[in-house]
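What follows is a short report on a single structure.
Throughout, a chain's letter reflects where its sequence line sits, starting with A, and its residues are numbered from 1. As the structure is a prediction and not an experimental result, all values here were calculated from the model.
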There are 2 protein chains.
Amino acid sequence: MSTKIAEEIQARAPLSKERVLGTAVALADQGGIEAASMRKIAQELGVVPMALYKHVSGKEELLDGLIDVVVGEIDAPAGDTDWKTAVRERILSARRALLRHPWASKIMESRTTPTPTVLAYMDSMIGTFRAGGFSVDLTHHAMHAMGSRLMGFTQELFNDRSEAEPAVDTEMWTALAGLYPSIFEICQAVSHDDASVVGPGCDDQFEFEFALDLLLDGLEKLRDRS
Amino acid sequence: MSTKIAEEIQARAPLSKERVLGTAVALADQGGIEAASMRKIAQELGVVPMALYKHVSGKEELLDGLIDVVVGEIDAPAGDTDWKTAVRERILSARRALLRHPWASKIMESRTTPTPTVLAYMDSMIGTFRAGGFSVDLTHHAMHAMGSRLMGFTQELFNDRSEAEPAVDTEMWTALAGLYPSIFEICQAVSHDDASVVGPGCDDQFEFEFALDLLLDGLEKLRDRS
DNA sequence: ACCTGAACACCGTTCAAGT
DNA sequence: ACCTGAACACCGTTCAAGT
């Protein structure tokens with residue numbers, strides 16, 4: 001029976017940690033973070049849930065592994081430029097990785113201890129600052145100031161933009177204008193067309209780079225001052 | 001039977017939305033976010049879980065309510081100062097509220113749509129920028145650049161600091177030095193005492209204000225340039 | 001010795017049965 | 001008409017039973 005053989009092969013398939021993480025990433029990419037539960041990963045692999053615990057000590061280690069996959073996709077630092085473009089390019093690469101895996105930021109936020117892969121990334125980033133002439137202290141503050149933006153986070157409030165937003169009609173629009181006039185003023189400026197339809201929304205990439213450059217420029221000035 | 005009477009009184013106690021949110025906040029303050037489950041809130045109130053659904057449509061609305069409680073604790077904007085100290089003071093007030101309720105940041109990160117209370121807070125903050133001479137566009141960028149820091153977020157990676165950290169011994173310390181030399185260098189500078197013990201750690205308040213001022217100063221320069 | 005099915009202790013929420 | 005107990009569909013993980 002070929003079915004039997006197929007089952008045998010599947011059963012004997014190594015089921016390494018890589019395979020577990022790989023299917024977890026695939027499931028999360030496809031169905032969001034809650035699609036990457038222990039039970040669903042096991043089901044996808046044609047395996048009983050407990051079988052995963054041979055390759056991963058538990059949910060925590062699985063989440064750490066998922067982060068490592070994403071961090072592993074960040075480009076290596078460009079060695080032939082100044083600190084500023086090196087940091088900038090690397091962070092933009094991190095952002096691209098995060099956009100490829102929208103579930104990753106939520107996991108990172110939930111993590112409590114950095115993995116060796118993340119530590120290596122941070123260490124490398126610190127090294128770039130130091131090589132750029134930043135003192136130990138200023139580098140320290142710089143890393144804190146960059147915060148999770150180092151990992152490519154947009155770190156905005158309510159950055160859903162997922163569910164095709166429920167078509168703001170004129171009634172809601174005028175209500176907005178009355179209740180929150182300052183928000184209204186900005187929304188109106190962002191949407192180029194007339195006020196009856198909500199515009200194309202914000203340019204996330206522009207806003208990310210704006211904030212990034214604001215920080216980098218500020219840090220550069222602090223470096224030059226000392 | 002006084003017991004019966006007590007039960008009757010408790011049963012007849014209004015069980016308003018305020019009471020539900022109040023006990024939820026108390027439970028979360030005391031036992032973290034997972035202590036504020038529907039079932040545990042109901043148990044604390046001596047009520048069947050489903051009874052909560054009379055005052056709260058579901059878990060989502062409960063979480064929104066919890067955020068509103070925290071945002072409600074942020075001081076009103078000081079009206080008699082320049083935009084910079086007004087923004088600064090308000091954000092530091094938000095940070096204080098968040099430190100009082102450490103569970104709140106995780107909930108805010110999980111939220112997808114802002115509540116009216118949060119919108120009002122944002123609207124007020126935008127108004128402060130505008131009154132400070134910022135153009136509509138620059139104010140827009142400023143709000144994005146501030147991001148969740150507006151709510152008092154430290155938004156750092158791995159800001160646990162909760163579990164009394166497991167006493168870094170000399171062995172780990174030298175391993176750190178070898179694997180992550182740049183991180184080691186910074187840790188060494190932060191901890192004033194000798195290298196055998198990890199020092200007092202970072203001054204979170206200082207780092208928060210450092211990053212905040214870096215952004216505010218940069219924004220001020222951009223405003224003056226136009 | 002190894003693997004795994006059933007069970008445990010949760011969770012938010014539905015729904016029909018009881019008053 | 002109102003309230004609520006049991007049940008549903010999940011979750012991560014323990015543990016003992018089966019091979």
Salt bridge flag under 4.0 Å for residues Arg88(A) and Glu209(A): yes
With both distances under 3.5 angstrom, what nucleotide forms a Watson-Crick or G-U wobble pair with dG5(D)? dC15(C)
So do Lys106(A) and Glu109(B) actually touch side chain to side chain, heavy atoms under 4.5 Å? no
Within a strict 4.5 Å, meaning less than it, do heavy atoms of the Asp75(B) and Glu89(B) side chains meet? no
Are Val71(A) and Met108(A) packed together at the side-chain level, in the sense that at least one heavy-atom pair is separated by less than 4.5 angstrom? yes
Quick note, Ala51(B) side chain, CB onward, closest among dT13(D), dT4(D), dT4(C) is dT4(D)
Expected list for residues 52-60 of chain A near DNA chain D, using heavy atoms below 4.0 Å, is Tyr53(A), Gly58(A), Lys59(A)
Please enumerate all protein N or O atoms sitting under 3.5 Å from an N or O of nucleotides 5-7 of chain D, with distances to 0.1 Å.
none

Salt bridge check: are Glu73(B) and Arg96(B) linked by an N-O gap of less than 4.0 Å? no
Shortest side-chain distance from Lys40(B), nucleotide among dC11(C), dT4(C), dT13(D): dC11(C)
Arg90(A) versus Tyr121(A): any side-chain heavy-atom pair under 4.5 Å? yes
Whole-Å P distance, dG18(D) and dC8(C): 16 Å
When both hydrogen-bonding distances must be under 3.5 Å and the geometry is Watson-Crick or G-U wobble, what is dC10(D) paired with, if anything? none
Taking the six-membered ring for Trp and the single ring otherwise, decide whether the centroids of His141(A) and Phe206(B) are under 6.0 Å apart. yes
